Peer 1: 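The structure is given below, and queries will be raised subsequently.
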Amino acid sequence: MAAIRSINKYTVIKRFSLGKRMYDKLETIYIQEHDHQNGESQKVFNSDKEYVIDISADIYLALNKDFIVRSVDNQ
């Protein structure tokens with residue numbers, strides 16, 4: 001049985017496109033916690049907490065490096 005991964009709040013710091021949608025600076029998105037152990041795809045949600053797309057761990061790591069930062073309030 002897979003462990004439940006939390007969903008974290010992020011702020012966009014550099015404009016990017018994902019799932020046929022453009023994300024602008026200061027926009028909020030939510031991404032399921034990275035699964036280092038199993039490398040399963042992660043779910044992305046928009047600012048309204050609606051599902052957008054699944055992404056690979058590699059895409060998540062790339063976004064986390066240059067395009068998004070985890071929000072301090074994380075709610």
Side-chain angles (χ1 to χ4, degrees):
M1 187 167 147
I4 296 174
R5 295 178 283 163
S6 63
I7 296 174
N8 299 310
K9 181 178 179 181
Y10 294 86
T11 301
V12 176
I13 57 170
K14 188 175 179 182
R15 194 173 196 212
F16 67 95
S17 177
L18 183 67
K20 298 182 182 180
R21 187 186 184 292
M22 187 63 78
Y23 293 89
D24 287 316
K25 286 183 180 179
L26 303 179
E27 193 166 343
T28 298
I29 63 171
Y30 297 86
I31 303 176
Q32 188 176 42
E33 187 176 75
H34 180 61
D35 182 357
H36 295 284
Q37 195 170 24
N38 300 313
E40 294 177 12
S41 61
Q42 296 168 250
K43 297 187 182 323
V44 177
F45 302 87
N46 65 18
S47 58
D48 296 323
K49 299 182 181 179
E50 296 172 337
Y51 170 77
V52 177
I53 194 169
D54 281 4
I55 58 172
S56 68
D58 290 340
I59 292 173
Y60 169 76
L61 294 173
L63 287 174
N64 214 9
K65 182 178 176 189
D66 294 319
F67 296 93
I68 60 174
V69 292
R70 192 161 167 183
S71 297
V72 177
D73 62 355
N74 202 31
Q75 294 180 6

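Computation of the quantities below employed the complete heavy-atom set of this structure, encompassing side-chain atoms and omitting hydrogens, waters and symmetry-equivalent molecules. Quantities reported herein were computed from a predicted structural model and do not represent experimental measurements.
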Peer 1: What distance separates F16 CZ from D24 CG, expressed to the nearest 0.5 Å?
Peer 2: 10.0 Å

Peer 1: Could you pull out all residues at least two apart from Y51 that satisfy ring-ring contact (aromatic ring centres under 6.0 Å, His included)?
Peer 2: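 With neighbours one apart ignored, the set is empty.
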
Peer 1: Could you check whether any side-chain N or O of Q32 sits under 3.5 Å from a backbone N or O of Q42, counting only pairs where one atom can act as donor and the other as acceptor?
Peer 2: no

Peer 1: Quick one: do F67 and L18 satisfy side-chain contact (heavy atoms from CB on, under 4.5 Å)? Show the steps, please.
Peer 2: CA-CA 11 Å; F67 296 93; L18 183 67; over 6 Å; no

Peer 1: Do you reckon L61 sits in the same ILVMFWY cluster as I13, going by side-chain contacts under 4.5 Å, direct or chained?
Peer 2: no

Peer 1: Could you tell me whether a side-chain N or O of N46 sits under 3.5 Å from a main-chain N or O of D48, the two making a donor and an acceptor?
Peer 2: yes

Peer 1: Calculate, to the nearest 0.5 Å, the distance between atoms NZ and NZ belonging to K9 and K49 respectively.
Peer 2: 7.5 Å

Peer 1: Do I55 and L63 pass the side-chain contact (heavy atoms from CB on, under 4.5 Å) test, and can you show the C-alpha distance, the side-chain angles, and the key distance before you say yes or no?
Peer 2: CA-CA 10 Å; I55 58 172; L63 287 174; 4.2 Å; yes

Peer 1: Is there a path of hydrophobic side-chain contacts, each under 4.5 Å between heavy atoms of I/L/V/M/F/W/Y residues, joining Y10 to V69?
Peer 2: no

Peer 1: With a 4.5 Å cut-off on side-chain heavy atoms, are I31 and I68 touching?
Peer 2: yes

Peer 1: Write down the atom of S71, the atom of T11, and the distance for their closest heavy-atom approach.
Peer 2: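 For S71 versus T11, the nearest heavy atoms are OG-OG1, 2.9 Å.
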
